[in-house]
Amino acid sequence: MSLLQRSSLRYLTQHPWLMGLSVLGVALGVAVVVSIDLANTSASTAFQLSAETVTGKATHQVVGTTGSIDEDVYRRIRMEAGVQLSAPVVEGYATLQSSDRTFQVLGVDPFAEGPFRPYVRAGGGGGIDLPTFMTRNTALLSQPTAEQAGLQVGDTLRVSIEGRTIPVELAGLIEPESERTRRAIANLVLVDVSTAQALFDQTGRLTRIDLIVPDGETGEQMLAGIRSALPEGARVQRSETRTETVEQMTRAFDLNLTALSLLALVVGAFLIYNTMTFSVVQRRGLIGRLRALGVTRRQIFRLVLGEAALLGVVGTGLGLLLGIALATGLVQLIAQTINDLYFVVSVQEITIAPWTLLKGALLGIGTTVAAAVAPAREATNAPVSTVLQRSTQETNLQDLAPKLAGAGVGLAAVGAAVLVLTEQSIILSYGALLFILVAAALLTPMAVVAMARGIRPVLGALTGVLGRMAARGVVSTLSRTGVAVAALMVAVASTVGVGVMIDSFRGTVVSWLTQSLQADVYVQPPSLVFRRSDATIDEAVLERLRQVHGVASSHTVRRVSVESPLGPTELVAVEQGPETDEVYQFKVGEPEAVWPDFGTKNFVLVSEPYAYRHDLAVGDSVALQTDRGMQRLPIRAVYYDYGSDLGVVLTSRSTYERFYDDRGVSGIAFYARDDVDVDALIADMRGAVGGMQDVIIRSNKALRETSLKIFDRTFTITTVLRLLAVVVAFIGVLSALMALALERRREFGVLRATGMTPKQVGGYVTLQTSLMGLIAGVLSLPLGYVLAYVLVYVINKRSFGWTLQLSVAPEVLGQALLLAVAAAFLAGLYPAWQMARSSPALALREE
Amino acid sequence: MTEPAFGNGSPAVSSILRLRGLTKTYREGESDRAVLDDLEATIDEGEFVVLMGRSGSGKSTLLNLVSGIDLPTSGTVEIGETDLTTLSETERTLFRRTHIGFIFQSFNLISTLTVAENILLPLELSGIRSGQAEEQALSILERVGLGDRGDSFPDRLSGGEQQRVAVARALAADPLLILADEPTGNLDYETGRQVLTILTDLVTDLGKTLLVATHDRMLLDRCDRVVTLHGGTLHDGAPDFLESSSA
């Protein structure tokens with residue numbers, strides 16, 4: 001190690017507090033980014049693993065139009081097309097009453113399974129009686145899973161599916177051959193295909209037929225033979241299609257979470273910039289001496305960058321470990337959100353992807369070094385002949401403040417231009433947002449000077465000379481205070497921006513729910529994905545409910561996923577009720593022209609996100625795979641819908657029945673007679689269907705409350721990320737204040753020597769830090785509003801296609817101010833205490 | 001008006017420092033103030049020259065120009081065969097590193113390095129191998145009477161000791177020219193005398209060229225020549241105010 005490096009290292013170790021806080025700042029920033037990435041990756045890996053588990057070695061699948069096909073198709077493929085490498089599959093999700101976990105139920109034919117899923121063979125070889133497995137309601141579980149749940153062969157599993165609970169006997173255990181298999185089958189309940197049909201109430205139907213088709217011409221011929229044997233509506237697709245589709249579903253969600261997680265790192269970068277600037281400013285004398293001794297500018301530059309890199313490496317290392325720990329908590333939040341919004345996924349453990357860790361490391365070290373470039377340049381630019389006094393440096397920064405502000409305005413303009421000129425890119429939108437954040441930071445020094453000067457007389461009048469000194473101190477140490485205020489402002493503005501976005505979103509959803517929930521009572525079977533309640537209500541249950549005394553009228557909803565050239569599409573078929581025209585508010589389209597034709601003519605309405613995602617408008621058409629072949633239906637209106645960011649295609653029940661054989665009902669809405677109490681009606685309904693399929697019967701109000709509860713739950717992770725950014729900012733302010741306190745030790749020593757009591761010194765420091773918090777809080781309000789505006793009107797639109805009403809609640813702004821002042825006040829307590837108790841004699845001597 | 005100062009005014013074969021037409025002006029408000037005005041000077045190899053002048057007369061500016069830390073507004077600074085004013089910033093730094101030793105009024109030791117490391121630093125920067133460098137550093141440290149303090153950090157040393165370390169550091173890399181800017185300015189009379197004795201003894205023993213800016217009269221008896229900076233130019237001999245105050 002060279003003497004310069006040794007000198008550098010000693011400087012770092014002589015300031016453990018500052019270096020520790022910087023390392024912590026980097027560590028937290030990296031931890032947040034890594035944990036979100038790990039949690040996302042884990043959820044996606046869990047899904048992929050479960051998809052691979054049920055897909056096995058199948059290369060292709062035969063699927064139907066609305067999620068199932070007649071089992072006769074399997075016979076035709078095997079007998080008529082002569083394809084031996086084919087296997088029937090019935091698949092779905094269930095919960096076991098003895099466990100909170102969601103399991104994937106896979107129904108297979110043991111005789112056809114051999115080439116497809118090796119673990120089934122392994123399980124089959126474990127002394128399982130095939131005739132029993134195929135004739136009785138029996139199931140196989142992974143051996144470690146059964147052990148975890150305390151289950152033994154012979155025990156009865158109570159399997160709950162869409163409100164029905166069926167007893168199934170545990171007939172055997174599958175022993176995983178490898179770690180990968182162990183993870184893959186951890187959430188699997190393997191049953192015979194006939195058992196699965198009984199469980200899912202799909203007698204005579206299959207979810208799909210798996211195929212192993214060789215490559216090349218033989219394969220093509222085989223596929224052609226299969227296609228010719230398929231009835232209308234059924235089709236062959238590659239096995240990977242399903243996983244790819246699912247990945248597309250959560251892409252925007254993942255991207256937005258990642259962007260939000262980067263916020264903590266951006267705030268962390270301010271912290272590093274602050275620390276490195278401090279270390280350079282504090283060592284200007286030392287650097288000047290080194291330069292006088294013949295150390296070149298390049299050597300000084302490398303030295304400062306080297307220090308930053310060291311902090312970056314240590315911070316990143318800690319951050320990676322912390323990120324892994326944090327990910328175990330976050331993954332359940334993310335999995336919950338995916339389950340609420342998109343599809344069923346059960347994540348039991350974190351997948352530590354090396355690429356994620358590498359990205360985190362590069363990002364952490366890269367950000368740290370990038371944040372240190374400016375201070376390093378500043379260090380090399382220190383004129384060696386005149387070792388600058390602090391006041392000279394501060395005057396320079398004050399002189400520089402207008403130029404920085406000018407650069408800020410320019411950068412903000414670039415950000416705005418990027419937003420305006422780029423049409424759909426979410427990444428560029430976030431890039432523009434980063435420009436705006438940095439622009440605001442550049443404007444901060446000038447704003448701090450102006451505000452501190454403005455407030456000085458007021459503070460003077462309120463608290464005397466201490467107040468005037470505090471205000472003056474903020475300006476005279478602008479190189480420190482400016483960055484600290486900017487870091488806090490960015491963090492608080494982000495919480496304001498995200499908070500206003502969530503409030504606006506919530507407000508919009510509340511008014512949408514009020515509008516769209518017009519009936520008195522809603523009934524649906526329990527569903528594992530809240531926003532996609534596509535389970536089927538038993539016909540007997542429907543009949544009973546319709547006959548309950550007090551029901552005036554009802555209309556049904558069918559929700560199915562159908563294939564389309566645009567990908568899997570959620571198709572909703574509704575019976576037109578008396579208030580249907582009020583339920584669906586049109587963004588584009590003429591209600592007077594649409595509703596009279598709704599039941600009679602074949603057309604669809606599409607939700608706003610669907611139109612946005614696929615660039616569709618009124619007059620265009622949507623092609624849907626139906627039981628009568630591919631049908632192209634014209635779009636007559638685009639309506640507001642906040643239920644699914646993937647979008648929905650809406651049609652009338654009669655149109656649906658014209659093209660699909662399915663007669664199932666996913667939900668039903670009831671209107672109570674005027675003279676009937678809704679709560680009493682609900683009680684009667686529950687009584688009427690007691691002992692039958694378990695369905696959820698809710699009032700209008702209860703459904704609205706549940707929807708909002710789910711809404712709030714999906715934003716929990718966002719709130720956690722916001723808080724983490726504030727924690728990093730808090731550390732930034734603490735670090736800046738510690739640096740200031742250290743730098744001004746002599747000044748405080750002089751103040752103490754000239755008669756200021758420790759209490760007064762403490763009060764002075766606290767007053768100054770609170771003032772910094774107040775300035776940061778005030779500055780964060782306009783920036784927060786701009787962020788909210790961009791999030792609501794640009795990023796949300798580009799990510800999900802929703803039109804939201806921007807609404808700013810005064811309490812959000814009040815909270816922001818309070819947060820900024822409280823964070824700064826708390827961060828100032830320790831430095832204030834330290835300064836107040838320092839010995840004036842020691843402080844003066846140290847100089 | 002140009003006025004030949006010390007030396008014979010023409011480049012001698014043995015001259016090590018030549019200043020020609022050296023001018024340094026600073027901007028003060030709307031006008032320029034010349035601190036050095038068309039200054040001429042020469043110092044021969046092995047010569048010990050004392051530079052005097054009132055506070056603010058430009059002594060430090062002159063030393064900064066001679067060391068290449070700063071650049072003149074016009075004129076040349078030649079050390080040996082090299083004109084510093086033609087060099088880039090980095091080249092001047094590299095030149096300074098190997099050819100000039102500098103002693104400051106406020107010691108300017110590197111607080112994060114030990115005494116021995118402070119002396120080793122110029123050697124390491126000059127690329128001298130560590131074994132040889134350590135020997136050299138230890139030897140020079142012994143010469144300034146601090147052989148037992150090599151592992152101490154500067155803040156554990158008295159002012160006199162710190163300045164002795166600075167003297168050792170300035171001489172460590174065997175420079176062509178040693179510059180000292182008020183080396184006793186921060187020391188009491190007695191300690192200052194001790195430091196100057198060590199400095200001058202070492203310089204004489206090693207045959208080095210020394211230019212010291214000082215107010216200290218003690219050096220007048222030991223130096224080869226005295227020059228005074230006044231009105232931006234150099235004048236031979238000690239300034240009047242010193243003569244009168246010492247009378």
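Reminder, nothing fancy here: chain letters follow the sequence lines and each chain counts from 1.
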Rounded distance [0.5 Å steps], [atom1] in [X] versus [atom2] in [Y]:
| X | Y | atom1 | atom2 | answer |
| --- | --- | --- | --- | --- |
| A/Arg291 | B/Ile69 | CZ | CD1 | 9.0 Å |
| B/Asn118 | A/Ser7 | CG | OG | 8.5 Å |
| B/Glu91 | A/Thr296 | CD | OG1 | 12.0 Å |
| A/Ile287 | B/Ile110 | CD1 | CD1 | 10.0 Å |

Side chain from CB out, backbone as N, CA, C, O: work out which of these in [X] comes under 4.5 Å of a heavy atom of chain A, or both, or neither.
| X | result |
| --- | --- |
| B/Ser60 | neither |
| B/Phe153 | side chain |
| B/Phe104 | side chain |
| B/Arg92 | neither |
| B/Glu117 | both |
| B/Leu125 | side chain |

Step through the shown structure and confirm whether more than 12 heavy atoms of other residues, nucleotides or ligands are within 6.0 Å of [atom1] on [X].
| X | atom1 | result |
| --- | --- | --- |
| B/Glu45 | CD | no |
| B/Glu135 | CD | no |
| B/Asp151 | CG | no |

Specify the closest pair of heavy atoms between A/Ser2 and B/Glu124, including all atoms of both residues, with the distance to one decimal. CB-OE2, 3.1 Å
Heavy-atom distance under 4.5 Å between the side chains of A/Leu4 and B/Leu121, does that happen here? yes
Are B/Thr93 and A/Arg298 close enough that some pair of their side-chain heavy atoms sits under 4.5 Å apart? no
Check: A/Arg6 side chain, B/Leu113 main-chain N or O, donor-acceptor pair, under 3.5 Å: no
For A/Arg289 and B/Leu109, indicate whether the former's side chain and the latter's backbone hold a donor-acceptor pair under 3.5 Å. yes
